[in-house]
Number of protein chains: 2
Amino acid sequence: MITEQAVTSADKTFFQLRSDIVEGVIPSGSKLSETELSTKYQVSRAVIREAINRLEACHLVERRANVGARVVSLTPAGLIQLYQVREALEGMAARLAAKNMSDDEIADLTSLLDNHFQTVKDGNSYYQEAGDLDFHYRIILGSKNQHLIEVLINGIYHLIRMYRVQLGMAGPRVTTAFDEHKHVVQAIANRDEELAEILMRRHILYSKNNIERKLLQS
Amino acid sequence: MITEQAVTSADKTFFQLRSDIVEGVIPSGSKLSETELSTKYQVSRAVIREAINRLEACHLVERRANVGARVVSLTPAGLIQLYQVREALEGMAARLAAKNMSDDEIADLTSLLDNHFQTVKDGNSYYQEAGDLDFHYRIILGSKNQHLIEVLINGIYHLIRMYRVQLGMAGPRVTTAFDEHKHVVQAIANRDEELAEILMRRHILYSKNNIERKLLQS
DNA sequence: GAACGCTATATTGTCGACATTCCTCTGAAT
DNA sequence: ATTCAGAGGAATGTCGACAATATAGCGTTC
């Protein structure tokens, strides 16, 4: 896992705000007042502005000139659109991972899945959050494509997590998702780019359908 | 075409800097000194900093804490990676456009291609830049997917243009590209999502291969 | 009573100055 | 000659104050 390190005060404020937004401490749709936040976090408005600018770059807030910044509003349609982008990008990531991951990295990925299998078999649902994330992160990083990594990890994943937390989605589907992960890894191990992409896209598409079903229930 | 309107001073500075970077007036790899730029553009450093922050969000510059910002360096590998992302995203855009564009929009797109056909037949190479861009923009917008639109139009396209200008790529391939465009539009008109995506991906893949060939020559 | 315009206020945008960090250059010691 | 340490300088990071803009509330007019 890549650990972001806060060197400057704006970094810390950015990480704090991002966490508060994603976890729902700052509710979606609410306004971000610069003066208010500067007193709350005991930093100058310049720092807050810098942090808000970065939040905008992550698509977590929207700014309007001379008006201010608001946390993005979460809509079912927005979540669907997010999954469409994710399907396209992670599909390509799996394709590139099949081409660019080293044999060692693939071996690590395989053993990771074995560990996951143990936790799942033991009835432990630890797999739900961290395991799923770890799997997807490794493949994204395995693509060795800097743009892909940037957009997915710094952009889309925080938004996805925000949706999960706030719309009360209970993580990924545990039972079937594991088999899907396994097949993706097999395709990558076989260096089958085409199949790796197809399987990853289907995996994400299933997740999307699953979420759509849950959204319709509520 | 979406016309961005500069309301604030930071907006103007951002647009100016972005243009200068993309067009090579500010060379790639060079350092962006805040004090220097603030005297050059007659604005305060705060404005410059805001502009640089936005440039970083577009992936046009890279910042390091307490060190400064540099214009991104252009490498053949980077361009290839960019086209991989573009293939994934615009493929999905074509798929969604086949689903979400209105009949009127599709009719407009068809007549746009007819106009292009005239200019190409007349031996006019106007098609090269603006025409190609217009075609791709319409399909991206036709996807009606806000994330897709954001990432492609505000992020990737400026970078692509920067590569084109500075590595001296002479626009898209005129003759064969036109037929490819036509087939994509036909698939969209037939509401064939699968085919629209496949054709768009191949279209971009061909462009990538074409560029790779040119890069090997030099 | 409703619509329009104005004023007051609060928020964002911009500025110059200060604090802090990094890089370079010098010089000394091994 | 090379390496390390420190001082100097220049850049970025942060701050508080001022300017410009949008919003809300009130009063006026039709």
Side-chain angles (χ1 to χ4, degrees), chain A residues 3-21 25-73 150 154, chain B residues 3-21 25-73 150 154:
Chain A
T3 56
E4 301 166 304
Q5 186 126 3
V7 22
T8 174
S9 175
D11 288 342
K12 287 195 269 285
T13 309
F14 167 60
F15 291 144
Q16 179 70 47
L17 275 176
R18 188 180 62 184
S19 169
D20 286 351
I21 288 173
V25 178
I26 300 176
S28 75
S30 63
K31 182 161 165 35
L32 291 179
S33 165
E34 295 181 359
T35 55
E36 187 183 327
L37 291 173
S38 72
T39 60
K40 180 177 175 184
Y41 288 114
Q42 295 290 332
V43 290
S44 83
R45 266 186 57 220
V47 172
I48 298 291
R49 280 178 70 84
E50 167 122 10
I52 288 181
N53 277 332
R54 292 200 226 168
L55 290 171
E56 190 187 16
C58 302
H59 307 285
L60 288 174
V61 311
E62 289 168 346
R63 267 182 65 187
R64 276 174 46 197
N66 289 313
V67 174
R70 306 191 79 86
V71 180
V72 293
S73 309
E150 246 286 310
N154 290 331
Chain B
T3 56
E4 301 167 306
Q5 186 126 3
V7 22
T8 175
S9 175
D11 289 342
K12 285 195 270 284
T13 309
F14 167 60
F15 291 144
Q16 180 69 46
L17 275 176
R18 188 180 62 185
S19 170
D20 286 351
I21 289 173
V25 177
I26 300 176
S28 77
S30 65
K31 181 160 164 41
L32 290 180
S33 164
E34 295 181 359
T35 56
E36 187 183 327
L37 291 174
S38 72
T39 60
K40 181 178 175 185
Y41 288 116
Q42 295 291 330
V43 290
S44 83
R45 265 185 60 218
V47 172
I48 298 290
R49 279 177 71 83
E50 168 122 11
I52 289 181
N53 277 332
R54 291 200 226 170
L55 291 172
E56 189 187 17
C58 302
H59 307 285
L60 289 174
V61 312
E62 289 168 347
R63 268 182 64 189
R64 274 175 45 196
N66 289 314
V67 174
R70 306 191 79 86
V71 180
V72 293
S73 309
E150 246 287 308
N154 290 332

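Numbers restart at 1 for each chain; the letters A, B, ... are given by sequence-line order, proteins then strands.
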Can you tell me the distance, in whole Å, between the CZ atom of B/Arg70 and the P atom of C/dC23?
11 Å
From CZ (B/Arg54) to CG (B/Leu60), nearest 0.5 Å
13.0 Å
Approximate separation, where rounding is to 0.5 Å, of A/Lys40 NZ and A/Glu36 CD
7.5 Å
Please report the distance, rounded to the nearest Å, between CD in B/Gln42 and P in C/dC15.
10 Å
Residue pairs fulfilling side chain to side chain donor-acceptor pair (under 3.5 Å) with at least one residue in residues 25-35 of chain B, sequence neighbours excluded:
B/Ser33-B/Thr35, B/Glu34-B/Arg45, B/Glu34-B/Arg49
Less than 4.5 Å apart, any side-chain heavy atom of B/Glu50 and any of A/Asn53?
yes
Least distance between heavy atoms, B/Gly29 atom then B/Ser73 atom:
CA-OG, 4.0 Å
Note, A/Arg63 side chain near A/Leu32 side chain (heavy atom, < 4.5 Å)
no
Can you tell me how far apart CD1 (A/Ile21) and SG (A/Cys58) are? Round to the nearest 0.5 Å.
9.0 Å
Between A/Tyr41 and A/Val47, is a side chain to side chain contact (heavy atoms under 4.5 Å, CB included) present by the stated rule, with each step listed?
CA-CA 10 Å; A/Tyr41 288 114; A/Val47 172; over 6 Å; no
May I ask you to test the A/Leu37-A/Thr13 pair for a side-chain heavy-atom distance under 4.5 Å?
no
What pairs with B/Arg18 under salt bridge (charged side-chain N to carboxylate O under 4.0 Å, His left out), at least two apart in sequence or on another chain?
B/Glu4
Does the side chain of A/Arg49 get closer than 4.0 angstrom to OP1 or OP2 of C/dT12 through an N or O atom?
no
Taking A/Arg70 for the side chain and A/Glu62 for the main chain, is one N or O donor matched with an acceptor at less than 3.5 Å?
no
Heteroatom pairs (N/O) under 3.5 angstrom, protein to nucleotides 16-19 of chain C:
none

Taking C-beta and beyond as the side chain, do B/Ile52 and B/Glu56 meet within less than 4.5 Å on heavy atoms?
no
May I ask you to evaluate whether A/Arg64 reaches the phosphate of D/dT23, defined as a side-chain N or O under 4.0 Å from OP1 or OP2?
yes
Go through residues 7-20 of chain A and report each residue with a non-hydrogen atom lying under 4.0 Å from DNA chain D, sorted by number.
A/Thr8, A/Ser9, A/Ala10
Mind listing the residues from residues 50-57 of chain A sitting with a heavy atom below 4.0 Å of DNA chain C? Number order is fine.
none
Validation row: B/Thr8, A/Asn66 side chains within 4.5 angstrom (heavy atoms):
no
Pairs under 3.5 angstrom, nitrogen or oxygen only, protein versus nucleotides 6-11 of chain D, please.
none

